[in-house]
Trainee: 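Could you have a look at this structure, given as structure tokens, before my questions?
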2 protein chains.
Amino acid sequence: MPKRRTTQADVAAVAGVSQATVSFVLNDRRPAGVHISADTRQRVLDAIRITGYSANPVAQRLAGGRNQILGVFTYEATFPGGGRDFYGPFLVGVEHAAEQLGIDILLFTSARVVDGRRRLTRDGWQRLGIADGCLLLGQHEDRSELQHLLDTNYPFVFIGKRVSEGGRLPYVGADYVSATRRAVERLLEAGHRRVGYAGDMGSDQPTTDRWAGYRDALRAAGLGARLVPEDDPDAVAAAIVEQGLTAVVLAPERDPEELHDALRRRGLEVPRDVSVVLLGQPHHRLRRPQEWSGFVIPREQMGARALLLLSRLVAGDEVADPDLHRLLECTDVEGATVAPPVTALAP
Amino acid sequence: MPKRRTTQADVAAVAGVSQATVSFVLNDRRPAGVHISADTRQRVLDAIRITGYSANPVAQRLAGGRNQILGVFTYEATFPGGGRDFYGPFLVGVEHAAEQLGIDILLFTSARVVDGRRRLTRDGWQRLGIADGCLLLGQHEDRSELQHLLDTNYPFVFIGKRVSEGGRLPYVGADYVSATRRAVERLLEAGHRRVGYAGDMGSDQPTTDRWAGYRDALRAAGLGARLVPEDDPDAVAAAIVEQGLTAVVLAPERDPEELHDALRRRGLEVPRDVSVVLLGQPHHRLRRPQEWSGFVIPREQMGARALLLLSRLVAGDEVADPDLHRLLECTDVEGATVAPPVTALAP
DNA sequence: ACGCGATAATAATGCGCATTATGGTCTTGT
DNA sequence: ACAAGACCATAATGCGCATTATTATCGCGT
């Protein structure tokens, strides 16, 4: 027989007051001239301790209050395909921040999966209402879903840059553009002049930003962009040889160690013959992660910052634009895969 | 202006019926002789379509019944110390199962941390009530907390073997005993006779089980146990030499690569001079994880099985003992750190 | 013609909490 | 001495839904 939860009414009975009084003491709030004496207040607090009361978050929500629960909605289904390796670090940051803030995290794992992707359908969206607010993670498609989110005034924050809906989407992202620019500049300073970009050319934000940083850095040096769109490592290696590239920047969807092996099969060594810079953590598990030059996305920090922002939005704080659309700096990694080109031109 | 949600009352108004009628149609249920005519039913369904109604889960829950939320409580604070690497895989399994079952996962990150360990205090416990049931993860201390859990009839399942409270604690664990026994037998079959156990001698269940498996396997072969309790890798290496060991089984709290390095500093190679077998995944991040012989704990599977069991308990199914205290087999890993001893005795 | 059961739907209630509207009592100022 | 606050606390209401209790209508047998 499941013992019924302790309610405010129970506490009130013990303290010899009304349920409303308990609620006022708990929320430490006195709207419209409600007064609670120190004595009564203490009696209620004692009763709470005695009964071991804690609020029913569901009822809190229904009555229009907050319940110290923030949700996390991941668009991409976490399985299969090692997606976890990608989202895990964000969650670590989220969890860390949640611990500091004393709130619980609700993972919306129940959303229907359509085409390997979770959907925020109309009824899926309704479930979000359990939490005070929600973090959104991953690539999404449906603009109308976002519009709906905005319309309902439900607090949410994207993890990852989102420029759309008239800039009304709050997010915490990573500054891919300048990180990529710095990566390319590093190659240019080493003397490279034929620098390729190896990766898919999607229209997603990270890809767009990486490409923009790459192109800008080259353009500033009076050089042209060279895309290496091939997927197969050996094809990439072949393209590098064919285009006479001395260096490539590598998008995370490409496995650097496979490229390394493919180059070696053609007698090319990294970084002796080809310098390689990683644009963020590769999606693959590496045998020797520390050796690669490039930058890392501060995922944990992003998760933590996003949760902090969300909690401010939930609290109803006015948040100005620099905080609503925050880009965090990526951390450059020295590594050992950048060297001057063999055929370096004289400066 | 937060657009108010469509409610059953709205639907009822459109259909020209009462709110209760809408609820009955939605749940397709007629308790205690309630009848809805096909005509009315259709009008309600049309009204639902027109208004785009969907239920408010918060209200549904308040009104009674289950909420399709299961909680996860982790005793050890996830930070710091890379604990995430240990608990992550369990959560992966949990999340996977949750997705299948169509339920959401609530992480109790709000629990107060005392001495680097989360506590299931009385009010912490009350918060569990949000969810239909809860998974417990990690080492715990307070027996009285467990007793309280049992008393309240709240559905819960431990991840990890728990023998206490008269065997009334449901759990899904890993069979450390036989996995360790097999590991030792493998060394014995390779010809080893002086096999040490390197690790802490705690009273926690995993340690107890590993030691039991180790001791039993040796005893069956008429050999004695040799504990190497040292913490420092160099001290471990020294002890191995001193005791004349030709092989060690290594508990997860020891870093195998550090031991490897320490042995090499003394001119000993693995596995040429010393064979090493890992008793589960080490807590440290390894440079070359795949090379080590030993076994792995099926963490994801444990998480998934635990959630499945919990959902059955929540549903009120009668669950018999083999399922209530399930031990999953560990997977043996071939690896390359076992070889015959140099000083092998003739068979 | 009368009552009884089946049918059809609504009214009413409560889940636990936040909040507004009220009702008292005790001090002040004039 | 008497009204105007200030102070203290409670009653009452509603959030959206599930569920129980209740009302109303009709067909049918005797």
Side-chain angles (χ1 to χ4, degrees), chain A residues 2-13 15-45 47-48 51-69 123 126-127 129-130 132 152 316, chain B residues 2-13 15-45 47-48 51-68 126-127 129-130 132:
Chain A
K3 225 182 337 187
R4 207 174 54 79
R5 291 177 60 107
T6 311
T7 72
Q8 286 188 353
D10 299 329
V11 174
V17 298
S18 72
Q19 175 263 318
T21 303
V22 175
S23 178
F24 289 136
V25 169
L26 276 168
N27 298 330
D28 198 20
R29 189 180 292 183
R30 67 222 82 175
V34 171
H35 297 256
I36 307 289
S37 69
D39 176 60
T40 304
R41 183 185 156 73
Q42 192 54 52
R43 283 219 315 286
V44 170
L45 290 176
I48 288 173
T51 56
Y53 168 83
S54 94
N56 178 342
V58 173
Q60 283 182 309
R61 260 328 254 174
L62 186 57
R66 312 257 165 263
N67 62 4
Q68 302 297 91
I69 295 179
D123 51 332
Q126 295 271 16
R127 270 192 87 78
I130 304 165
D132 294 339
T152 52
Chain B
K3 223 183 340 186
R4 206 175 58 77
R5 310 167 52 120
T6 310
T7 72
Q8 287 188 353
D10 299 330
V11 175
V17 297
S18 72
Q19 174 263 318
T21 304
V22 175
S23 177
F24 289 135
V25 169
L26 277 168
N27 298 332
D28 199 18
R29 188 181 295 181
R30 67 222 82 173
V34 171
H35 298 256
I36 307 288
S37 69
D39 175 60
T40 303
R41 183 184 156 73
Q42 192 53 51
R43 284 218 316 284
V44 170
L45 290 176
I48 288 172
T51 56
Y53 167 84
S54 90
N56 177 345
V58 175
Q60 281 182 310
R61 260 154 245 145
L62 220 221
R66 310 261 164 258
N67 59 13
Q68 301 298 93
Q126 288 270 356
R127 261 190 97 75
I130 306 163
D132 294 337

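When reading the values below, keep in mind they use all heavy atoms of this one structure, side chains included, and skip hydrogens, waters and symmetry mates. A quick note: this is a predicted structure, and the numbers were derived from the prediction, not measured.
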Trainee: So if I take the C1' atoms of five pairs at each end of the helix from dA1(C)-dT30(D) to dT30(C)-dA1(D) and get each local axis, what angle do the two axes make, rounded to 10 degrees?
Mentor: 70°

Trainee: Side chain of Ser37(B): nearest nucleotide among dA18(D), dA9(C), dG14(D)?
Mentor: dA9(C)

Trainee: Name the nucleic acid region contacted by Thr7(A), choosing base, sugar-phosphate or nothing; use a 4.0 angstrom heavy-atom cut-off, strictly under.
Mentor: sugar-phosphate

Trainee: Val22(B) versus Val17(B): any side-chain heavy-atom pair under 4.5 Å?
Mentor: yes

Trainee: Atom CD of Gln8(B) and atom C1' of dG14(D): how far apart are they, to the nearest Å?
Mentor: 16 Å

Trainee: Send over the distance from Ile130(A) CD1 to dC17(D) C1', rounded to a whole Å.
Mentor: 15 Å

Trainee: Considering all heavy atoms of both residues, which atom of Ile130(A) and which atom of Asn67(A) are nearest to each other, and what is their separation?
Mentor: O-ND2, 2.8 Å

Trainee: With side chains defined as the heavy atoms from C-beta onward, is the minimum distance between Asp132(A) and Ile69(A) less than 4.5 Å?
Mentor: no

Trainee: Return the polar atom pairs (N/O with N/O) between nucleotides 10-12 of chain D and the protein under 3.5 Å, or none.
Mentor:
from, atom 1, to, atom 2, distance (Å)
dT10(D), OP1, Ser18(A), N, 3.4
dT10(D), OP2, Ser18(A), N, 3.1
dT10(D), OP2, Ser18(A), OG, 3.2
dT10(D), OP2, Thr21(A), OG1, 2.4

Trainee: Taking 4.0 Å as the cut-off, does a side-chain nitrogen or oxygen of Gln60(B) come that near to OP1 or OP2 on dG16(D)?
Mentor: no

Trainee: Tell me: CZ of Arg127(A) to P of dG16(D), nearest whole Å?
Mentor: 18 Å

Trainee: Examine dC17(C): is either OP1 or OP2 under 4.0 Å from a nitrogen or oxygen in the side chain of Asn56(A)? Give yes or no.
Mentor: no

Trainee: Is the shortest side-chain N to carboxylate O distance from Arg41(B) to Asp28(B) below 4.0 Å?
Mentor: yes

Trainee: Roughly, in whole Å, what's the span from CG in Asn67(A) to C1' in dA18(C)?
Mentor: 13 Å

Trainee: Taking Thr51(A) for its side chain and Ala47(A) for its backbone only, find out whether a donor-acceptor pair lies under 3.5 Å.
Mentor: yes

Trainee: How many Å lie between NE2 on His35(B) and P on dA8(C), as a whole number?
Mentor: 7 Å

Trainee: Can you find a heavy atom in the side chain of Gln68(A) that is under 4.5 Å from one in the side chain of Gln60(A)?
Mentor: no

Trainee: Can you check whether Tyr53(B) reaches Leu26(B) side chain to side chain, under 4.5 Å on heavy atoms?
Mentor: yes

Trainee: Asp39(B) has an atom CG; how far is it from atom C1' of dT25(D), in whole Å?
Mentor: 16 Å

Trainee: Is the backbone N or O of Thr7(B) less than 3.5 Å from a side-chain atom of Asp10(B), with the two atoms forming a donor-acceptor pair by type?
Mentor: yes

Trainee: 5'-most contact on DNA chain C: Ala59(B) or Ala38(B), nearest heavy atom basis?
Mentor: Ala38(B)

Trainee: Looking only at atom types and distance, does a side-chain atom of Arg127(A) sit under 3.5 Å from a main-chain N or O of Pro57(B), one as donor and one as acceptor?
Mentor: no

Trainee: Classify Ser23(A) by what it touches in the nucleic acid, base, sugar-phosphate, or nothing, heavy-atom distance under 4.0 Å.
Mentor: base

Trainee: To the nearest Å, how far apart are Leu26(A) CG and dG16(C) P?
Mentor: 15 Å

Trainee: Rounding to an integer number of Å, can you tell me how far Arg43(B) CZ sits from dA9(C) C1'?
Mentor: 11 Å

